[in-house]
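The block underneath contains the structure these notes are about, expressed in structure tokens.
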Amino acid sequence: MRTIDSFAAAVHRKRRERGLTLGEVATKAGYSASYLSKLLHGHRTLLPAVVHDLDTALAADGELDKIAAAQRGDASPVARPVQLPAAPADFVGRGEQLQAMDRALVTQGRPGATVTVVIEGGFWTGKTALAVHWAAGVQARFPGGCLFADLRGLAPGAPADPEEVLDGFLLALGVSPDELGRSSLQARIARYRSLLAERPAVVLLDNVADYRQAEWLLPGAGSVVLATSRERQSGLLARTGGTVIELPPLTVGQGLELLGRRIGEARMRASASAAELVVERCGRLPMAVLVAAEHLQRHRETSLTELAERLDSEKTRLDLFTSNDPAVNIHGVVDVSYLALPAMVRRVFRYLGIGPANVIGPESVAVLADLDVERAEEALRILAEAHLLESLPDGRYRIGFLLRAYAHQRALVEEKLSEVERAHDRTLRWYAAAAWEANNTLFPNWADSGLTPRNPSGVAPTSFKAGGFESAMLWCEREVSTALQVARNAQTHGAKDILWQLPTAFLPYFVLTRSWNTWLVAAHDGLAAAHAAGSEAGIARSLEALGWVEHELGRTDEGILHLEEALRRHAELGDDRSRAWTAYGLGLAYASCGLTDESREVHELADRLFVDSGTKIGLAVNRAALADACDLVGQTDKAMEYALDALNRAQTFTSKAVLGIAHQRIGVLLSRRGHHRSALKHFDEALAVRGRSWQRWGAAETLISRAEALHQLGQVEQARETYLQSLEILDAIRDVRALDVRTRLASLEACSVRSAGWTRRTSATA
């Protein structure tokens, strides 16, 4: 009883020093006051875990642990190993993941349960750093301390033997070597779990291969298991009900913060764009960023710009990450994952290295690797499970910059050059056929079907019949950048026409979305390819695309010259459908610089050509433009007739894009006649169908027209709010019309101020 009295006396002394009641001590330690009272009076066993909680609550620095150990008659002090490696000095970000781990500690901490957290991710994402950082912050709560083992599940050399790791843990927990030698494996597992049941601990199992490797090392109730792995641990999670943390690369901002801590903020700010490129080309992987930072520190003469250029080349990108140190040798690190893949999946991975883009889908991969789509999907799934690809929400996948460079090197060694060339050719032709199909869905029969590219891949392009306009638009939004990259990087000599057909195939998409920069690049690429191929049709089509985008970007004089040249060439070639679209675009360009008669004439030409070629959607959009052209030359009745005809035609199309154009045009005509309230109804109808992301430029156009009508009606505040809505869109898409809207807003504000001043003066005079 004397020893129990000593423990109780120590508890009471510590609580009085802290100014706490017995009930407050019990609450801080997580127990009831009744249980604590019975413990202090010797009616409950002094369990190590309970004693440690009291020691922590009273900040006794281990004094209560020692008194309780002596009372239990332990032969030696309780072993409390803390085997964690040093926490990373430059730990950045990961707030979301740390919060999830904290939540798991609360939500999984049920009686009899072990908290299990599995951190999964690709190489060099910082899985171990995250686990160590979090464990270092919580290990003080656990009387059993912290056990750590690198199981080397995916690492050069042999994986760790779990039986040897178990014995190491038992020795750290105070079990004698003699006892280990006399015990069977099952007895040692039971002893390990019994010790951790009395003194719960944090058990960090780094680089786990699978559940079988970790099974013997999983503790019993009260402890926390942290496991890290480069592969998905479905078996471990299924058996433990644990929390999985998918660890992505850092954000660009976090990568820059990590780089700046090592090389200095001043040096990084001096070359901000180069620093961002370095981080991106390091895949935003913490270890890669640190390797780049160490190189910059060691070679002070190397600028960030020079390093960025080196990392931007697939041929030299991996040189920085090749070392005698296995921990920072990308070949040794990735080899283990790569060589563990099935042969077919390894081949797909290699082809991703020679492919045109970082973001891929099952169809494009099937074409690239000459597989059926089902096998391509299976390969992508396996690569994602091995964290060699990142799964995206839209069903596609992304391969990191460093992994793509690694795959590229593998392909150069393991694939025949002739097979690589055939893969490039298949991919180029497939994208051209798919782009044609998608854009012909956006604007049915928009160009001569004789331009349809041949697709020899055996993988049919996505059919847009079921989803129609919306699915075609979605495909274009996802794939346009990749498709243009395919054409730009193509080395084929047998498909020169495809090199201009692919960029120009996206003209309907560009007209609808006004993706200025991509459109301009595509037009220049197409024109260069057409000249290289000596294709008159290609030159004409590319000049048409270039003229349109130059006009849209405000370079109207240049745009008109190119459109006029394209119109002449289309006439010589007898391509009336392309001639019609060019005349339509030229009419818009003429109207924007006040050439109203010329605008009406070419729109009338386009009208005749669209009728003759049976291009219904072209006829509808051109008649909306022709209505404006006629109105500007004083043919008001004819203008409204064309506008209403465009509206009637638009209502027959599945796509609502033309409907928005027609309502917008009628609203403008009504506003010019002073019928502002009627105009507002049409502007509202236009806005109702211009709500999609790719129609933002059209929504902005309608909002500007609506604001003008509201202003004319004297509804100044509503006009101001509508102008601001349009300005928000124009700023987001970096449209040059934003400056004009700001000028109108300033004018509106000035009018409001003058009006308010006049009202005050009138009131004072009265």
Original post:
Can you list the steps and then say if Arg665 with Val668 is a side chain to side chain contact (heavy atoms under 4.5 Å, CB included)?
Top reply: CA-CA 5 Å; Arg665 183 53 50 210; Val668 169; 3.7 Å; yes
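- Under a cut-off of 6.0 angstrom, the local environment of CD in Glu419 is crowded, with over 12 non-hydrogen atoms contributed by other residues, nucleotides or ligands.
- Not a single donor-acceptor pair under 3.5 Å links the side chain of Arg398 to the backbone N or O of Leu392.
- Between the side chain of Arg396 and the backbone N or O of Arg478, at least one donor-acceptor pair lies under 3.5 Å.
- Across Ala624 and Ala646, no two heavy atoms sit closer than the pair N-CB, 3.7 Å.
- At least one side-chain heavy atom of Leu553 sits less than 4.5 Å from a side-chain heavy atom of Leu520.
- Side-chain contact check for Ser515 versus Val480: every heavy-atom pair is 4.5 Å or farther apart.
- Geometrically, Arg230 does not engage Trp124 in a cation-pi contact, judged by NZ or CZ lying under 6.0 Å from the ring centre and within 45° of the ring axis.
- When ring centroids are compared, Trp581 and Phe443 come within the 6.0 Å threshold.
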**OP:** Output, in order, the C-alpha distance, side-chain angles, deciding distance and verdict of side chain to side chain contact (heavy atoms under 4.5 Å, CB included) for Ile399 and Leu388.
**Re:** CA-CA 7 Å; Ile399 182 170; Leu388 293 172; over 6 Å; no
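- Ion pairing between a basic and an acidic side chain is recognised when a charged N comes within 4.0 Å of a carboxylate O; Arg381 and Glu385 show such pairing.
- Asp607 places no side-chain N or O within donor-acceptor distance of the main-chain N or O of Leu619, the cut-off being under 3.5 Å.
- Between the side chain of Ser578 and the backbone N or O of Asp575 there is no donor-acceptor pair closer than 3.5 Å.
- With hydrogens and angles disregarded, no donor-acceptor distance shorter than 3.5 Å links the side chain of Ser726 to the backbone of Ala700.
- With a 4.5 Å cut-off on side-chain heavy atoms, Asp684 and Arg706 count as touching.
- Between Leu341 and Arg346, the shortest heavy-atom distance links the atoms O-NH1, 2.7 Å.
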Original post:
Can you list the steps and then say if Leu502 with Tyr431 is a side chain to side chain contact (heavy atoms under 4.5 Å, CB included)?
Top reply: CA-CA 7 Å; Leu502 181 50; Tyr431 267 106; 4.2 Å; yes
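- Within the 4.5 Å cutoff, side-chain heavy atoms of Leu499 are placed close to those of Leu428.
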Original post:
Do Gln664 and His682 pass the side-chain hydrogen bond (donor to acceptor under 3.5 Å, both in side chains) test, and can you show the C-alpha distance, the side-chain angles, and the key distance before you say yes or no?
Top reply: CA-CA 6 Å; Gln664 167 70 16; His682 285 281; over 6 Å; no
**OP:** Step by step, work out the side chain to side chain contact (heavy atoms under 4.5 Å, CB included) result for Glu552 and Trp519.
**Re:** CA-CA 10 Å; Glu552 295 289 355; Trp519 187 353; 4.0 Å; yes
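- Residues meeting the ring pair (Phe, Tyr, Trp, His ring centres under 6.0 Å) test with Phe123, sequence neighbours left out: none.
- Considering only heavy atoms from C-beta on, Glu120 stays 4.5 Å or farther from Leu247 through its side chain.
- With a 4.5 Å cut-off on side-chain heavy atoms, Glu550 and Thr556 do not count as touching.
- Looking at Glu564 and Tyr590, their side chains do bring a donor and an acceptor atom within 3.5 Å of each other.
- Using a 4.0 Å cut-off between a side-chain N of Lys or Arg and a carboxylate O of Asp or Glu, Arg568 and Glu565 qualify as a salt bridge.
- Inspection of the Glu544 and His570 side chains reveals an N or O donor paired with an N or O acceptor under 3.5 Å.
- Side-chain atoms of Pro444 and Lys616, non-hydrogen and from C-beta on, never get closer than 4.5 Å to each other.
- Note on Asp612 versus Arg608: no salt bridge recorded, every NZ/NE/NH1/NH2 to OD/OE distance being 4.0 Å or above.
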Side-chain donor-acceptor contacts of residues 347-358 below 3.5 Å, not counting sequence neighbours, with atom names and distances?
from   : atom 1 : to     : atom 2 : distance (Å)
Arg347 : NH1    : Ala369 : O      : 2.6
Arg347 : NH2    : Ala369 : O      : 3.0
Arg350 : NE     : Glu415 : OE2    : 2.8
Arg350 : NH1    : Tyr338 : OH     : 2.8
Arg350 : NH1    : Glu414 : OE1    : 3.1
Arg350 : NH2    : Glu415 : OE2    : 2.8
Tyr351 : OH     : Glu415 : OE1    : 3.3
Asn358 : OD1    : Arg404 : NH1    : 3.1

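- With no hydrogens or angles considered, a side-chain donor-acceptor pair links His387 and Glu246 at under 3.5 Å.
- Counting heavy atoms from C-beta on, the side chains of Thr482 and Ser364 never come closer than 4.5 Å.
- Here the side chain of Asn439 pairs a donor or acceptor atom with the backbone of Ala505 at under 3.5 angstrom.
- Distance alone, capped at 3.5 Å, places no donor-acceptor pair between the Thr652 side chain and the Asn648 backbone.
- Geometric assessment of Arg623 against the ring of Tyr642 yields a negative cation-pi assignment under the 6.0 Å and 45° thresholds.
- Aromatic ring centres of Tyr584 and Trp548 lie closer together than 6.0 Å.
- Around CZ of Arg737, the count of heavy atoms belonging to other residues, nucleotides or ligands within 6.0 Å exceeds 12.
- Leu442 CG to Phe469 CZ: the interatomic distance, rounded to the nearest 0.5 Å, is 5.0 Å.
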